[in-house]
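Residue numbers count from 1 along this sequence. Side chains are part of it too, since the values below use all heavy atoms of this structure and drop only hydrogens, waters and symmetry mates.
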Amino acid sequence: MKKQRTLCSILMLVSLYALGMRAATVDVRTNLWTGTQVVDDNWSGSQSIAAGLLAQATAGDEIAVTITAVSQTAEWPQMSLRKADWSMYDPAVGVNFEKTATVPFEARMTLTEAVAADIKTNGCVITGCGFTMTSIDLIHKQELAEGEKGDPVHPVWTGEKVIDWSGAVPDAYLQLPATDFASAQAGWLLRFNYADLAIGAQGHISTGSWTDMPDGTEYISLTASYFEYDITEAMLAELKANGCVVSGIGFTLTGVELIDPAQVPSMACTLAADAVKCWEAGEQPQITVNLQSLEAKEMTTTVSLKLRRDNYTDYYTKSEQVTVPAGETKQVTFPLTLEPGFYHAVVEANYNLLRDFNIGYNPTAIACTPDMQDDFEAFWNTAKAELAAIPMNAKMTLDEEKSTGARNVYLVELQSIGNGDGQPVTIRGYYAVPKAEGTYPVIITQNGYDSNGASQIYWPDTNGNPDWIEFNVSNRGQLVNNRPPYKDENAFYGDWFAYNFGNKDTYYYRGAYMDVVRSIDFVCSQPNVQQENIFMTGGSQGGAFTIAGAALDGRLNAIAPSIQFMGDFPVYFQVGAWPASVARQKQQELGLTDEQMYTFLSYFDTKNLATLVTCPVLTAMGLQDPVCPPRTNFAPYINFQSAEKQYVVNPECQHETPAEWYNQYMDFFTSHLNPPTTGIEAVQADTPADGPMYNVMGQLVGEDYKGIVIQGGRKYFQR
């Protein structure tokens, strides 16, 4: 099972190990020879090792040979350990090679007591048939004194191997023979290091015969710099019998290691609280790691920071070796010099991944130039004219079960622009209006992406926001429209982002953006609405809809989009896996060039729509958002033409907003309320005591209103 091992689990393993043994045995590697030696198909070629280099050899030690090529013409490629006089040991000592073995790899031969005694006295010869070797090491099993720790890392393979199961690269997997796992033990970790990570990368291991690996069947999403498995007894048996195959997609394998947790220094490693952040211009970005020794003597370990840009291109690596006195704490700080933008940080400490996460710096200085076409505004003006010619035919049906409190909640049905077939489309939503007489400001909430029809449908609470009207919109084909009894009539849409992809005049989002305008049309048609106080909000796809609403309709007072979708597609498809995967599939089906695809998408890009937004804006982004990455959120923000715009970056949020976001945007909307054209101005000093009543926002209210009211001579009292 994949682990990002915590300190507690490491300490537990250390404790169990100490209970079972008073001393540990660790591998000590000594290089015996380095060079290049070809051993041809006729057993010609060898390397002799002098006895003096083997003085510490003992039973159980291993001779490890790095193999960099295996002959494809040799009948039986193999390596043999011979006596100094070239005679064979009895039983023979050697390794057979598969011609399909991925190089480089390490072949190991275990020494018996008799073989160890002989080579210590006489030396030995490494020979064989059909391979090239570049290094020979002695791996000595050394017993440590009580409390002493050895090197926890046991290298298995080092090199560069592209892993890609898509078929784009031939033989893009790594097969490791059983001999590579001769020293492996249950309870150790099997770790795979990688670089050149692509968006959506995954890693996987299977048995040497490509069947499921016991206790290692899952596919692991890759975001850091390694993935690993606990070696269970069942996995160990399979590794020692058949080895394993490393496969997956989207990375370059750079090393395979066995990690002995019992040899990892006992340390508490924590990331400083201010490490996960989006710094503003003029602030000093830095990442700090706290290290505390938990042992009775000083411990030395390595802390490293790997930083890459948010499009997964490698940036740089910094490492520092740290000695921590017994029981003390030390800090390692990496000051960062960053260009405006977002980055992915991978922090490793004490042989483990501490955390991988996103950081940002000076995001409003990111270069983000609009790329709209010359007919951009004309395109949207044509769409709006087409919408205006379609009667709204609003239908409101009271939902009595949802209307038991201060507000009535209605199911609303509206006619909107068609999908290119000339037929209007019906959209729906829930509309809540206070039962008390008066006029009220309104909040329109646009819907997020209805993935697989599994998204939850929300409607305004009958007792929520008693001083506001709310309209929760379900745009074409989604949410309310995607549930019985309306689901069948909308089944043709399929995946919203893919619907009529490539044709700007019939594309899903042309109609969906017009649905947003229609929702404004509807609230403006209602007698209880203060038309000078119409606000809009929405998250994800709803954030894009909100931006479109402000861009294409001037009746919104202020907007609050969050974690918005549809921003800067040429960059989006570099930093996010979806919807790039859908777009690339449609691009291939339609035979579109990149230029053609991005020209088409530019009409719907919030980066371009933002150039038409002038109302006040408050927006929220999740720094750890993998769906709508923060760079794509800042694309429209940078291009808003609003005199007042504010943003909130939530450092720990992924594709979500925190609970306080609701209060943040409600305070923002309240602060931008315009004086109503009727209401508090009508309350004069000589108004009769039993005259009209108004709430504190100047909205006319009825006798059944509960709250603070103003009446007669501006007298305030609680009802």
request  = Could you check if a side-chain atom of Cys278 sits within less than 4.5 angstrom of a side-chain atom of Tyr361, using non-hydrogen atoms only?
outcome  = no
message = Within the 3.5 Å criterion, strictly below it, is a donor on Asp515 or Ser416 matched to an acceptor on the partner's side chain?
response = yes
message = Please determine whether a side-chain nitrogen of the Lys or Arg among Arg518 and Glu413 lies less than 4.0 Å from a carboxylate oxygen of the Asp or Glu.
response = no
ask   = Is a side-chain N or O of Thr546 found less than 3.5 angstrom from the main chain of Met536, in a donor-acceptor match?
value = no
request  = Determine, for Phe379 and Arg510, whether the Lys NZ or Arg CZ falls below 6.0 Å from the six-membered ring centre while staying within 45 degrees of the axis.
outcome  = yes
request  = Please name the pair of heavy atoms, one in Ala544 and one in Met566, separated by the smallest distance, quoted to 0.1 Å.
outcome  = CB-CG, 3.8 Å
Atom pair CD1/CG of Ile249 and Leu222 - distance to nearest 0.5 Å = 11.0 Å
request  = Going by the side chain to side chain contact (heavy atoms under 4.5 Å, CB included) test, name the single residue among Asp461, Ile457, Thr462 that passes it with Trp459.
outcome  = Ile457
Distance-minimising heavy-atom pair for Val409 and Lys402 = CG2-O, 3.2 Å
request  = Say whether, by atom type as modelled, one donor and one acceptor occur between the side chain of Arg631 and the main chain of Tyr572 under 3.5 angstrom.
outcome  = no
message = Could you check whether any side-chain N or O of Asn639 sits under 3.5 Å from a backbone N or O of Ala635, counting only pairs where one atom can act as donor and the other as acceptor?
response = yes
request  = Tell me whether the centres of the aromatic rings in Tyr431 and Phe522 are closer together than 6.0 Å.
outcome  = yes
Rounded distance (nearest 0.5 Å) linking atom CD of Gln624 with atom SG of Cys653 = 9.0 Å
ask   = Do the side-chain N and O atoms of Glu218 and His204 include a donor-acceptor pair separated by under 3.5 angstrom?
value = no
task = Would you give the length of the straight line joining atom CG of Asn650 to atom CD1 of Ile563, rounded to the nearest 0.5 angstrom?
result = 9.5 Å
query = So Tyr343 and Tyr315, ring pair (Phe, Tyr, Trp, His ring centres under 6.0 Å) or not? Walk me through it.
reply = CA-CA 9 Å; Tyr343 302 83; Tyr315 195 43; 5.4 Å; yes
task = Drop me the distance from Glu652's CD to Lys277's NZ, to the nearest 0.5 angstrom.
result = 13.0 Å
inquiry  = For a salt bridge (Lys or Arg N to Asp or Glu O under 4.0 Å) check, start with the C-alpha distance between Glu489 and Arg428, then their side-chain angles and the critical distance, and finish with the verdict.
reply    = CA-CA 13 Å; Glu489 71 186 49; Arg428 298 171 175 86; 3.4 Å; yes
message = Regarding Asp594 and Gln587, do their side chains bring together a donor and an acceptor under 3.5 Å, going by distance alone?
response = yes
ask   = Taking the side chain from Thr670 and the backbone from Asp667, do they hold a donor-acceptor pair closer than 3.5 Å?
value = no
ask   = Which is it for Trp578 and Tyr449 under the ring pair (Phe, Tyr, Trp, His ring centres under 6.0 Å) test, yes or no, and what are the steps along the way?
value = CA-CA 12 Å; Trp578 182 88; Tyr449 206 85; 5.0 Å; yes
query = Okay, side chain of Gln478, backbone of Asn475: is any donor-acceptor separation there less than 3.5 Å?
reply = no
query = Under the 3.5 angstrom rule, does the side chain of Asn633 hit a backbone N or O of Gln564 as a donor-acceptor pair?
reply = yes
request  = Report the residue from Tyr665, Phe669, Tyr440 that forms a ring pair (Phe, Tyr, Trp, His ring centres under 6.0 Å) with Phe535.
outcome  = Phe669
ask   = Hey, does the side chain of Asp605 reach the backbone of Asp568 with a donor-acceptor pair shorter than 3.5 angstrom?
value = yes
key: Nearest non-hydrogen partners of Thr506 and Asn419, listed with the distance   = CB-O, 3.5 Å
query = What are the two closest heavy atoms between Pro570 and Lys607, and how far apart are they?
reply = CD-NZ, 4.4 Å
Val529 to Val442 - nearest heavy-atom pair and separation = CG1-CG1, 3.9 Å
inquiry  = If we ignore hydrogens and angles and just use 3.5 Å, is the side chain of Ser642 paired with the main-chain N or O of Pro616 as donor and acceptor?
reply    = no
ask   = Strictly by modelled atom types, are Glu660 and Tyr662 linked by a side-chain donor-acceptor pair under 3.5 Å?
value = no
ask   = Is there a donor-acceptor contact under 3.5 Å from the side chain of Asn500 to the main chain of Asn503?
value = no
inquiry  = Donor-acceptor pair, distance only, cut-off 3.5 Å: does the side chain of Asn463 make one with the backbone of Ala406?
reply    = yes
query = Among side-chain atoms of Asn482 and Asn490, is any donor-acceptor pair under 3.5 angstrom?
reply = no
ask   = Thr439 versus Asn528: any side-chain heavy-atom pair under 4.5 Å?
value = no
ask   = Taking C-beta and beyond as the side chain, do Lys645 and Leu618 meet within less than 4.5 Å on heavy atoms?
value = no
request  = Establish, yes or no, whether a centroid distance under 6.0 Å links the rings of Tyr647 and Phe634.
outcome  = yes
ask   = Do the ring centers of Phe600 and Phe501 come within less than 6.0 Å of each other?
value = yes
ask   = Are Tyr508 and Tyr493 an aromatic pair by the rule of ring centers under 6.0 Å?
value = yes
task = Indicate the ring-plane relationship of Tyr312 and His344, choosing parallel, tilted or perpendicular according to the 30° and 60° boundaries.
result = parallel
ask   = How about Asp371 and Ser602: does a side-chain donor come under 3.5 Å of a side-chain acceptor?
value = no
message = Quick check on ring pair (Phe, Tyr, Trp, His ring centres under 6.0 Å): which of Tyr509, Tyr603, Tyr513 does Trp380 satisfy it with?
response = Tyr513
ask   = In Å and rounded to the nearest 0.5 Å, what is the CD1 to CG distance from Ile547 to Leu612?
value = 12.0 Å
key: Atom of Tyr194, atom of Thr223 and distance for their closest heavy-atom approach   = OH-N, 3.5 Å
request  = Quick one: do Asn674 and Asn557 satisfy side-chain contact (heavy atoms from CB on, under 4.5 Å)? Show the steps, please.
outcome  = CA-CA 8 Å; Asn674 288 316; Asn557 193 0; 3.2 Å; yes
inquiry  = When you compare the side chain of Phe251 with that of Asp196, does any pair of heavy atoms fall below 4.5 Å?
reply    = no
message = Could you check whether Lys504 makes a cation-pi contact with Phe604, meaning its NZ or CZ is under 6.0 Å from the centre of the six-membered ring and within 45° of the ring axis?
response = no
query = Considering only heavy atoms from C-beta outward, does the side chain of Gln531 approach that of Arg555 to under 4.5 Å?
reply = no
